[in-house]
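What follows is one structure encoded as structure tokens, with my remarks underneath.
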Amino acid sequence: MSIQLSKHFESAAVEQKWYAYWESKGYFASTPDERDPYTILIPPPNVTGVLHMGHMLNNTIQDVLIRRARLNGLNACWVPGTDHASIATEAKVVKMLREKGIKKSDLTRDEFLEHAWGWKEEYGGKILKQLRKLGASCDWDRTAFTMDEVRSEHVYKAFVDLYEKGKLYRGLRMVNWDPEAQTVLSNEEVIHNEENGKLYHMKYMIVGEVGKYVTIATTRPETLLGDTAIAVHPDDPRYTDLKGKSVTVPLINRDVKIIFDDYVDIEFGTGALKVTPAHDVNDYELGKKHNLGVVDIFEDNGSISEAGLLYIGMDRFDVRKQIVKDLKNADLIVEIEDYRHSVGRSERTNAVVEPKLSLQWYVDMPAIAKPALEAVESDEVEFFPKNMKNTYRHWMSNIKDWCISRQLWWGHRIPAYYYGDYVAVALDAETALKSIQEQAKDPSITMSEIKQDEDVLDTWFSSWLWPMSTFNGWFDQKELDYYYPTSVLVTGWDIIFLWVARMVMAGYEWQGTFPFKDVYFTGMVRDKKRRKMSKSLGNSPDALKLIEEFGADGVRFGMLSCSPAGGDLLFDDKLCLQGRNFSNKIWNALKLIHSWDIDESLSQPTENTLASEWINHKFNEVSKLTEQSIADYRLSEALIKLYSYIWDDYCSWYLEMIKPAYQSPIDSASVNQAKAALKNICILLHPFMPFITEEVWSTLKTDDDSDCIVTRYPEYIEVDESLVSDFERLKEVVSSIRDTKNQNQINLKELLPLSVVQDDESTQLLSRAGIKETMLKIGYLESINVIADGEGSGYGFIVGKSKYYLESNQEIDAEAELQKLLEELKYQEGFLISVTKKLDNKGFVANAPAKVVEMEQKKKDDSIARIALIKEAIDRLKKS
RNA sequence: GAGACUGUAGCUCAGUUGGUUUAGAGCAUUACCUUGACAGGGUAGGGGUCGGGGGUUCGAAUCCCUCCAGUCUCACCA
């Protein structure tokens with residue numbers, strides 16, 4: 001009763017079938033029980049995002065770890081969810097509305113939020129459906145959203161708690177303003193890059209001295225509208241006579257002071273600096289020090305405000321062009337030079353960030369950073385790869401306060417309420433009102449008189465609570481006690497500050513301990529040219545199309561086989577192709593086994609008994625190695641070991657050994673062992689390639705077996721080293737036979753007699769039951785004869801220290817044989833020289849450990865013996 | 001400007017406290033063979049002054065110094 005199997009592995013149908021089945025069985029679901037937990041929290045993707053290669057990589061890794069834990073008998077819990085992504089989502093909604101002809105400014109806050117929620121309902125969670133296609137075994141019942149009720153409660157509670165502890169405050173500071181999204185950004189959301197610009201040298205005429213001027217160099221001529229001083233270094237000899245004088249700001253003709261401050265760099269530009277306190281961090285500090293006025297010339301959208309006096313309403317970049325023209329016309333430009341300098345852009349909108357003075361909410365980071373820094377220093381939270389510790393330490397030791405308010409509507413509204421100068425921070429308006437009445441000592445203040453802050457919180461202010469909020473930890477301690485701290489966080493290194501560090505801080509601040517034991521930083525997925533994959537470059541393959549083409553298992557294989565922790569991953573379709581071919585290889589191994597006719601009356605041939613023992617011991621060896629690799633988060637190493645075990649050991653050697661002759665039946669023991677070995681393979685490979693393994697398993701499982709996904713790893717058996725090493729020797733002999741036939745144009749399947757010269761090594765090898773039989777079978781030999789030294793004839797070869805002769809009545813090409821031997825001799829002699837050199841070195845013998853010296857001596861002896869064998873063979877050839 | 005990391009075969013990378021056959025794997029490539037499980041399979045081969053130089057050591061891809069190249073992070077002077 002053979003099973004009918006398709007010619008190739010058909011991934012699409014199989015994947016759909018098993019995923020639905022696993023879900024229906026509730027295999028992904030986790031509830032606290034007596035087992036140890038193994039917990040992973042997904043880095044929540046943007047709720048309206050689509051699956052890209054970065055997600056594929058890091059979710060594949062998480063799934064491998066979760067499935068591995070499940071097979072180890074742990075209570076595996078992988079919590080999925082999405083992030084509301086304040087800026088990104090709001091921008092998308094605004095764009096969508098604009099396309100419908102609706103302006104955000106025409107809507108009330110509530111109307112806008114209604115549209116936003118509608119958008120979220122329509123597109124939200126699409127990415128989680130896509131993750132299912134990849135095989136992600138998340139506990140979907142636990143799906144969380146950073147803006148759902150439970151998560152929101154955590155956000156407000158955290159805000160109020162920090163405020164009450166004095167670790168959160170409202171302050172007037174120079175901030176990063178994104179004129180496109182029209183919100184403030186944290187330092188971490190500003191990306192600095194070198195860009196080509198110009199340095200404009202402009203004339204500032206000295207008041208009361210006709211024709212005399214100071215030349216000022218700037219990259220931003222348009223900000224002169226906000227100038228309230230110019231500054232020079234007090235020791236600069238060029239400017240000593242300017243003390244007490246003023247200059248006229250060009251075009252707007254405002255007279256401003258010349259101030260002297262050693263902040264100015266004499267070497268740079270002309271040594272004279274224009275001071276615009278409203279639009280530059282350093283100028284702001286200078287302004288404070290010298291009591292300068294502050295003229296804010298920009299509207300929130302980056303256009304010039306009335307305070308600018310000129311160009312009112314024009315965009316800042318248009319003004320730059322225009323103002324240069326106007327300055328030229330007024331003969332106030334001295335020089336324009338090309339200049340490369342760093343420009344800060346918004347991470348989300350790519351708009352050039354405008355420094356701006358503004359009142360915002362901040363978290364006092366130095367107040368909460370210390371335990372989080374120590375945790376990573378001491379490896380209480382362990383980073384993989386280790387060198388991320390450096391980056392973390394550097395940032396944590398120089399940490400700045402975190403600006404958390406955003407001038408947006410989509411997000412958690414700041415729970416702060418105002419009445420005149422009174423501020424109340426509270427979970428609800430009633431409490432806030434009460435507090436304000438108390439502060440103002442005026443119980444007559446009504447609800448309608450207090451105003452809640454219009455701003456929302458930075459998205460990351462909800463994300464940093466993720467390890468607690470996903471378990472509803474502050475309102476239901478039970479789950480948190482069981483699952484927290486989680487086992488490992490898998491994420492990209494690009495959000496180490498935005499997210500990882502802050503989660504560690506939140507963990508210590510509120511739970512008193514770390515949120516995850518390990519952090520596995522994945523690299524960035526890049527294309528073959530090392531460019532980061534991005535939508536704008538169009539170099540990112542469509543994740544779902546890849547799955548369609550190569551199968552989820554194939555894609556997972558492709559992503560994993562080249563993903564060293566932290567190292568960038570150069571993605572190439574070819575890797576997925578290799579994965580698909582691998583699936584197919586396994587599929588065909590299964591087909592082969594199922595195609596055999598079993599004859600129950602046959603007893604098992606010795607060679608098959610030996611082969612089965614070997615493949616089992618080899619399995620244990622591989623299983624141990626992969627376990628270690630995974631424990632060190634070296635997933636690609638583990639996968640490659642498995643790949644080679646399956647392809648080379650199981651398929652190329654083992655199946656070829658036990659395979660019956662064409663159309664002959666096979667004994668049942670051999671088939672059962674082959675099936676058992678393949679089942680073991682399924683278990684070991686399951687975390688990496690879940691679909692094919694479940695499918696193969698399902699055709700092999702007995703009624704007592706559970707499904708592959710929830711079965712347990714087989715028990716480890718001590719590896720019989722002598723069996724494995726005898727087998728290696730056997731493989732060498734067979735390879736040599738194949739090679740000899742190949743070299744001499746003998747058909748591989750032509751049966752020839754093999755003579756083995758008797759010595760200790762060959763005697764031991766051949767005495768193991770099944771070795772001879774295997775040689776006969778897969779070496780296609782007519783017979784094996786043990787002979788005395790010197791009796792051999794035919795094609796000789798050496799394996800280990802033993803001599804073998806493949807006899808043939810074909811004329812031997814003595815010249816070719818000789819060449820081969822001479823080359824081998826050359827190598828061996830070279831080797832001997834290097835070993836001898838080492839051993840002749842008195843320093844080596846005296847200083848190296850005995851073990852090492854012993855090993856070198858053995859290498860030398862072996863080499864001498866081998867050289868003797870080769871020389872003998874050469875002599876004989878020459879004689880004949 | 002400060003710091004971190006990387007440099008090993010055509011490509012991607014291993015090489016775990018300096019010593020296990022004069023440096024390994026996968027992919028790619030070449031030749032031959034095979035094609036009755038396999039979108040293939042088998043066998044063999046080519047290809048590397050371990051970025052350059054110097055040092056420590058009996059011994060260095062591995063440790064130290066220096067130079068070169070690249071990547072990244074942080075901070076920024078108009």
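Computed from a predicted structure; not experimentally measured.
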With a 4.0 Å cut-off on heavy atoms, is [X] in touch with a base, just the backbone sugar-phosphate, or nothing at all?
{"X": "A:Phe9", "result": "base"}
{"X": "A:Ala848", "result": "base"}
{"X": "A:Lys7", "result": "sugar-phosphate"}
{"X": "A:Gln663", "result": "nothing"}

Does the [N] base have a donor-acceptor partner in the side chain of [X] within less than 3.5 Å?
{"X": "A:Lys585", "N": "B:C38", "answer": "yes"}
{"X": "A:Glu656", "N": "B:A37", "answer": "yes"}
{"X": "A:Asn584", "N": "B:A39", "answer": "yes"}

Quiz prompt | Minimum side-chain heavy-atom gap A:Tyr804-A:Ile737 below 4.5 Å | solution =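 In short, these two side chains do not touch, never coming nearer than 4.5 Å.
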Quiz item: Going by heavy atoms in the side chains, are A:Ile681 and A:Leu678 under 4.5 Å from each other?
Solution: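 Touching, per the 4.5 Å side-chain cut-off.
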Self-check item: Nearest-Å distance once atom C1' is located in both B:A39 and B:U35
Solution: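 It works out to 14 Å between them.
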Quiz item: Taking atom C1' in both B:U57 and B:G18, what distance in whole Å separates the two?
Solution: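 Looking at atom C1' only, B:U57 and B:G18 are 9 Å apart.
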Exercise. Kindly point out which of B:A75, B:A78, B:U20 is positioned nearest to the side chain of A:Lys859?
Key: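 So the side chain of A:Lys859 is nearest to B:U20.
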Quiz prompt | Nearest-nucleotide pick for A:Val852, side chain only, options being B:U21, B:G19, B:A39 | solution =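 Closest nucleotide among those given: B:G19.
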Expressed as a whole number of angstroms, how long is the span from [X]:[atom1] to [N]:[atom2]?
{"X": "A:Leu575", "N": "B:C27", "atom1": "CG", "atom2": "P", "result": "11 Å"}
{"X": "A:Leu5", "N": "B:A37", "atom1": "CG", "atom2": "C1'", "result": "10 Å"}
{"X": "A:Glu823", "N": "B:U22", "atom1": "CD", "atom2": "C1'", "result": "16 Å"}

Quiz item: Between A:Glu824 and A:Arg866, is there a salt bridge with N-O shorter than 4.0 Å?
Solution: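 Result for this pair is yes, salt bridge flagged.
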Quiz item: Going by atom types only, do A:Lys274 and A:Thr223 share a side-chain donor-acceptor pair under 3.5 Å?
Solution: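 Result is yes, a qualifying pair exists.
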